[in-house]
Protein chains: 2
Amino acid sequence: MNKIERNRPGQTNGKPKRVTILQVAADAGVSFAAVSKVLRNAYGVSESLRERVNASIKKLGYTPNTAARGLRGRSFVVGVVFPDMRNPFLADIFAGISAGFERTPYQAVQGIASQSNERDLTQAMIDMQMDGLILVSSSLSPEQLTDLGSRIPAVAIGNRPLVETTFDTVNNNDEQSGRLVVQHLAKQGAERIAMLSLEHPTAMRMRESGYRHEMEAQGLSAYINIARTEQTPRGIYGGMEKLLESRPQALFCWCDAVAFESISHARSNGLRVPEDLAIVGHDNTVYCALDQNSLTSVDQSGEQIGTHAARLLVERFEGRIETEQILLQPRLVVRRSSTLDG
Amino acid sequence: MNKIERNRPGQTNGKPKRVTILQVAADAGVSFAAVSKVLRNAYGVSESLRERVNASIKKLGYTPNTAARGLRGRSFVVGVVFPDMRNPFLADIFAGISAGFERTPYQAVQGIASQSNERDLTQAMIDMQMDGLILVSSSLSPEQLTDLGSRIPAVAIGNRPLVETTFDTVNNNDEQSGRLVVQHLAKQGAERIAMLSLEHPTAMRMRESGYRHEMEAQGLSAYINIARTEQTPRGIYGGMEKLLESRPQALFCWCDAVAFESISHARSNGLRVPEDLAIVGHDNTVYCALDQNSLTSVDQSGEQIGTHAARLLVERFEGRIETEQILLQPRLVVRRSSTLDG
DNA sequence: TTGAAAGCGCTAACAA
DNA sequence: TTGTTAGCGCTTTCAA
């Protein structure tokens, strides 16, 4: 039985008055415009005035009202849009973003966007007067992204890189990811190498392309086999069922979580990993190292990606006009899930 | 080698003008106050005026400026503060919160707070003129929470419930969680049941208490054994090492991620799970069901918790004065990691 | 170097 | 029912 308790409040519910720039000005004995100048590090304030104002700010515990600031100038808030909260790789990216804004005046807040509400969420962030946006694995169309980039400084992470855009991008070299995996598996002696990819058109298309090209380079064109699924347990299950029909020796999964599901699925079907089915994931998330998974995975350093994104945004704020596209190189981390020989 | 490309932008960088309430008013041929009234569903607007204004809003693609709104009235933005992004249980809570705000005008944005910056983050959210806050597993002290609650409507999730506070709470019955686990393990025949808990004082203290009380009730007081660790791989490792010295038959971990680490650690030490060491987690996150984990875990329905929190906040916005404390009942989901017999 | 004043886009009291 | 008006707390000219 659930329990609910109601209590009279210890204090009233009325919004307490904020300390404003005026009270700081009064306390310091200067005009409120002077306080604003100190706040913004504006040109033309004497050292003594600055000190007096800063003393009052500290004394009164003043913090600037972001909404009021944003209404006239910058809000110093940036929005980060994630596609979901479940993938621990996103936490790596977030850590990088945080680190990137560390020594800047910018505060990052996050939003989680389902495919259907990403437009609304980004608009809401613009309406909040945020100064810039970082979009991770956005599901917006190239046209929508271009439009967004023309309305607010933006950085897209994990989108197919486009030239001549209105926004910056930071990407893993996904073509290379696909190649690394096939090279490794082929060297282990596998020929029937299948790939589990994403239905939704994203950077995964590049990973598929790398997989295809390397399969061809290895003379394994006949065994190219890709299943695209939704990112749901049911979808993944269906995709695996389909791939297993062709008795693959190895499986490349577009992300670690899917690879873990695949390990689970394979084991439930009586298949040994890696003897009967080698499995490789992508992102090298924390769970890969666990003994029960020991998953070979492609590391794309989410932290580095995030730090780049934050830096790019700050550069735009500080005046950079031309867009910048960054492409980072992945590396393979080999573990037991794909080690066929002792 | 990483690649960087620079391009001239397709469009300029200047902020495009927003559509404001004035342009809507001009387009509809009414005063801008009339538009504001339509927006706020305020009393005293004729049907025809409302229709005309709504038509102009749609036509011009107007969306209200949140910052300007917040400066006078409500911003319709609520902030959700999470302790980290790695724990998939938080995603369940978030899903519940989202669902809870679905049919309301409120937009939720998230912040991730390390222990050291939670105060700054909550202050920043207040500075953004957010209407309310939801704090998940907050590391703020009771005094800080009480103070926060007196400054802005707030709901705390996963804090030790206090009476006579300034904020609402939603909690799992953690005492009950501890009891359920010990009952289950004792029934399986285990006596030396150890617990891996958190260093930082949180709701975990209640879980420890339930563990203790049930151990006593089962006549196993002599075997009570709790290790409190940091939430880092190193910390968890150290805690396990310490607990294993006393050769426990079963281990109750304060969250699933720690339980997965424990499974990994046990296996690397040559221990079989559950034969040599039964393991139970908490939160019943998605990975528990995977064959390679098959982890028994306590389900505390994060989604329900989140939905309650959102509802409580909306109620406060709509005038509720007294605080409310909700306590939900957990249930145990048994899997192979703790099934000692057949 | 400092301060006065206008105004960002909106809400809400008040007047018409 | 509608419109007028005074701010919310700040940034940013411009004048002193």
Side-chain angles (χ1 to χ4, degrees), chain A residues 14-53 56-57 60-77 105 123-124 126-131 317, chain B residues 14-53 56-57 60-77 105 123-124 126-131 317:
Chain A
K15 284 197 182 181
K17 289 258 167 298
R18 288 184 58 93
V19 177
T20 75
I21 209 174
L22 276 98
Q23 291 157 61
V24 175
D27 185 84
V30 297
S31 76
F32 78 93
V35 179
S36 173
K37 278 175 189 158
V38 172
L39 249 34
R40 291 174 290 126
N41 269 309
Y43 179 79
V45 247
S46 68
E47 199 47 46
S48 75
L49 190 147
R50 177 184 306 282
E51 272 172 22
R52 237 176 333 140
V53 169
S56 295
I57 286 175
L60 301 175
Y62 166 81
T63 55
N65 183 316
T66 308
R69 280 191 127 169
L71 215 47
R72 292 294 290 180
R74 296 185 190 174
S75 64
F76 295 98
V77 179
Q123 181 60 49
I126 292 175
D127 293 339
M128 291 176 207
Q129 297 290 99
M130 294 191 181
D131 291 338
F317 295 152
Chain B
K15 281 197 185 182
K17 289 258 167 298
R18 286 184 59 93
V19 177
T20 74
I21 211 174
L22 275 99
Q23 291 157 61
V24 174
D27 185 85
V30 297
S31 76
F32 81 92
V35 179
S36 173
K37 278 176 190 160
V38 172
L39 250 33
R40 291 175 287 128
N41 269 308
Y43 179 79
V45 252
S46 68
E47 199 47 46
S48 75
L49 190 148
R50 177 184 306 282
E51 273 172 21
R52 238 176 334 143
V53 168
S56 294
I57 287 176
L60 301 176
Y62 167 81
T63 54
N65 184 317
T66 307
R69 282 191 127 169
L71 216 46
R72 290 295 291 182
R74 297 185 190 174
S75 64
F76 296 98
V77 179
Q123 181 61 49
I126 292 175
D127 293 339
M128 291 175 207
Q129 296 289 101
M130 294 188 181
D131 292 338
F317 295 152

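Note on naming: letters A, B, ... go to the chains in the order of the sequence lines (proteins, then strands), and numbering restarts at 1 for each one. Note: hydrogens, waters and symmetry copies are ignored here, and every other heavy atom, side chains too, is used.
Under the 3.5 Å distance criterion, the side-chain polar atoms of Arg74(A) are matched with a main-chain donor or acceptor of Phe317(A).
If you measure from atom CZ of Arg40(B) to atom C1' of dG3(D), you get 13 Å, rounded to the nearest angstrom. Nucleotide dC8(C) holds its C1' atom 15 Å from the CG atom of Asp127(A), rounded to whole Å. When the P atom of dC14(C) is taken as reference, atom OH of Tyr43(B) falls 17 Å away, rounded to whole Å. Separating the CG atom of Asn41(A) from the P atom of dT11(D) is a distance of 12 Å, rounded to the nearest angstrom. Rounded to an integer number of Å, the gap from CG of Leu22(B) to C1' of dC8(C) is 11 Å. In this structure, Asn65(B) atom CG and dG9(C) atom C1' are separated by 6 Å, rounded to whole Å. The CD-P distance, from Gln129(B) to dC8(D), rounds to 12 Å in whole Å. dC8(C) atom P lies 14 Å from atom CG of Leu71(B), rounded to whole Å.
Picking from dA6(D), dT2(D), dT2(C) the nucleotide with the shortest atom distance to the side chain of Lys37(A) gives dT2(C). Taking only side-chain atoms of Val30(B), from C-beta outward, the nucleotide of dT11(D), dT11(C), dG3(D) with the closest atom is dG3(D). For Tyr62(B), counting side-chain heavy atoms from C-beta on, the closest listed nucleotide (dC10(C), dT11(D), dT12(D)) is dC10(C).
Side-chain contact between Asp127(B) and Arg18(A): present, with at least one pair of heavy atoms (C-beta onward) separated by less than 4.5 Å. In this structure, the side chains of Ile126(A) and Gln123(A) come closer than 4.5 Å at one or more pairs of heavy atoms. For the pair Val30(B)/Arg52(B), a side-chain contact is recorded, criterion being any heavy-atom separation below 4.5 Å from C-beta on. Two residues are said to be in side-chain contact when any heavy atoms from C-beta on lie closer than 4.5 Å; Asn41(B) and Arg50(B) meet this criterion. Between Leu49(A) and Val38(A), some side-chain heavy-atom pair lies under the 4.5 Å cut-off.
Contact between the side-chain N/O atoms of Arg69(B) and the OP1/OP2 oxygens of dT11(C) is found at a separation under 4.0 Å. Here Thr20(B) does not reach the OP1 or OP2 of dC8(C): none of its side-chain N or O atoms lies under 4.0 Å away. Put simply, Ser31(B) has a side-chain N or O that comes within less than 4.0 Å of OP1 or OP2 on dG3(D).
Within the 4.0 angstrom heavy-atom criterion, only backbone atoms of the sugar-phosphate kind lie near Leu49(A); the bases stay farther away. Ser36(B) comes within 4.0 angstrom of a nucleotide base, judged by non-hydrogen atoms across all strands. Ala33(B) comes within contact range of at least one nucleobase, with a heavy-atom separation under 4.0 Å.
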Exercise for review: Would you sort out whether Leu39(B) and Ile21(B) count as a side-chain contact (heavy atoms from CB on, under 4.5 Å), showing the intermediate values?
Suggested key: CA-CA 10 Å; Leu39(B) 250 33; Ile21(B) 211 174; 4.2 Å; yes
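Between its opening and closing five pairs, the helix from dT1(C)-dA16(D) to dA16(C)-dT1(D) changes axis direction by 40°, a value rounded to 10 degrees.
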